[in-house]
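Contents: one structure, followed by commentary.
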2 protein chains.
Amino acid sequence: MTNKHLTIGTLSRMTATKVETIRFYEKSGLLAKPARTEGNYRSYAPADLNRLSFIRRARDLGFSLDQIRVLLDLADDRSRSCEAVDEIAKEHLAEVERKIADLKALQRELDRLLSQCRCGTVAECRIIETLSPLPLEVN
Amino acid sequence: MTNKHLTIGTLSRMTATKVETIRFYEKSGLLAKPARTEGNYRSYAPADLNRLSFIRRARDLGFSLDQIRVLLDLADDRSRSCEAVDEIAKEHLAEVERKIADLKALQRELDRLLSQCRCGTVAECRIIETLSPLPLEVN
DNA sequence: AAGGTCCCTATAGTGACTACAGGGTTAGAT
DNA sequence: ATCTAACCCTGTAGTCACTATAGGGACCTT
């Protein structure tokens, strides 16, 4: 209980991360290879818990593993300017906003599609009809 | 020019679909295996163009290939009720709306994160700080 | 000593493509 | 007739962020 070393299962429960995912983060270089016990079990220090928690929060906010890799590097050099951090977050926000706009356009299209359905036979189905093409002559 | 048979490249240009993607759709069973020329080139009929156009429009609307497979099956049986079509579209719309809600929550979080940035050093960066954990004691 | 729960490695699967590598075919210009 | 560029072919592996499985070893309690 005063043991500072954690098994992968404990880490898993503490961060709501599947064991396989933790091993995957290790293989992808996001987590350092931890010490091993005699029986070849991974043995994590509290710093690993912090790092994994950081990764999971950033993932929850939709940052990619590549972005997280950069954020972790930046976080390690505490004296540098945090402009680069800001940059990554801004870029990610812009991407999220683009996705929202795209999905809203989609939503309008689907709404329109569904509002036209009279629920008769497929032959007179406006959804199928809208999807079915009068293809353009390109070549 | 009165030739009804199309090469994969022509089909590609007419539907703005990469050649590899067309072959991928064939391998996934969305497009039937077309006839071949003497030189073993794929030779497509106008019906294939229609089918591919349908697939691409549905993809643009965010339907999955599995959903499209079902839609294509339904579209082929023109006498049946189009309820099932409606069902798929509604389900898809609901999913799009869920995604929009998720992304909006994300956007708010990122906005909050960014609004706190004073752009000093990483040590005082509120973005890094927010991501960095005071992990909960779970086990 | 047995059973259950943990842990290990390695590999393959997901979705929807995309990108090669390493060739064969065809159309048009010379 | 020959050359060349543009097209086409198959097959495989890569993308992202995991997830799942197989086939085993370790550990703890009873």
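Naming: A, B, ... by sequence-line order, numbering from 1 per chain.
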*When you look at B:D66 and B:R69, which way does the salt bridge (Lys or Arg N to Asp or Glu O under 4.0 Å) test go after all the steps?*
CA-CA 5 Å; B:D66 269 353; B:R69 234 180 294 272; 3.3 Å; yes
*asked:* With salt bridge (Lys or Arg N to Asp or Glu O under 4.0 Å) as the criterion, how do A:E109 and A:R112 come out once you've worked through the C-alpha distance, each side chain's angles and the decisive distance to 0.1 Å?
replied: CA-CA 5 Å; A:E109 278 289 300; A:R112 211 167 49 77; 3.4 Å; yes
*After noting the C-alpha distance and the side-chain angles of B:Y25 and B:R56, does the key distance pass the side-chain hydrogen bond (donor to acceptor under 3.5 Å, both in side chains) rule?*
CA-CA 11 Å; B:Y25 287 161; B:R56 296 303 283 178; 2.8 Å; yes
*Decide side-chain contact (heavy atoms from CB on, under 4.5 Å) for A:L93 and B:L113; before the verdict, give the C-alpha distance in whole Å, the side-chain angles of both, and the deciding distance to 0.1 Å.*
CA-CA 10 Å; A:L93 176 59; B:L113 218 59; over 6 Å; no
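Less than 4.0 Å separates DNA chain D from at least one heavy atom of each of the following residues of residues 58-73 of chain A: A:R59, A:S64, A:L65. For DNA chain D, the residues of residues 28-46 of chain B within the heavy-atom distance limit of 4.0 Å (strictly under) are B:R36, B:N40, B:Y41, B:R42, sorted by number. Within residues 89-98 of chain B, no residue has any heavy atom under 4.0 Å from DNA chain D.
Here the side chain of B:Q67 pairs a donor or acceptor atom with the backbone of B:S64 at under 3.5 angstrom. Between the side chain of A:T10 and the main chain of A:L6, no donor-acceptor pair closer than 3.5 Å is present. With hydrogens and angles disregarded, no donor-acceptor distance shorter than 3.5 Å links the side chain of B:S28 to the backbone of B:L30. A donor-acceptor contact shorter than 3.5 Å links the side chain of A:S12 to the backbone of A:T17.
For DNA chain C, the span of nucleotides reached by chain A at under 4.0 Å from its heavy atoms goes, 5' to 3', from C:dC6 to C:dT11. Counting 5' to 3', DNA chain D first comes under 4.0 angstrom of a heavy atom of chain A and last does so at the ends given by D:dA17 to D:dC27.
The overall bend of the helix from C:dA1-D:dT30 to C:dT30-D:dA1, read as the angle between its terminal helix axes built from five base pairs each, is 20° when rounded to 10 degrees.
Side-chain contact check for A:E26 versus A:P34: some heavy-atom pair is nearer than 4.5 Å. Considering only heavy atoms from C-beta on, B:R42 stays 4.5 Å or farther from B:K33 through its side chain.
A salt bridge does not link B:D111 with B:R108: none of the charged nitrogens is closer than 4.0 Å to a carboxylate oxygen.
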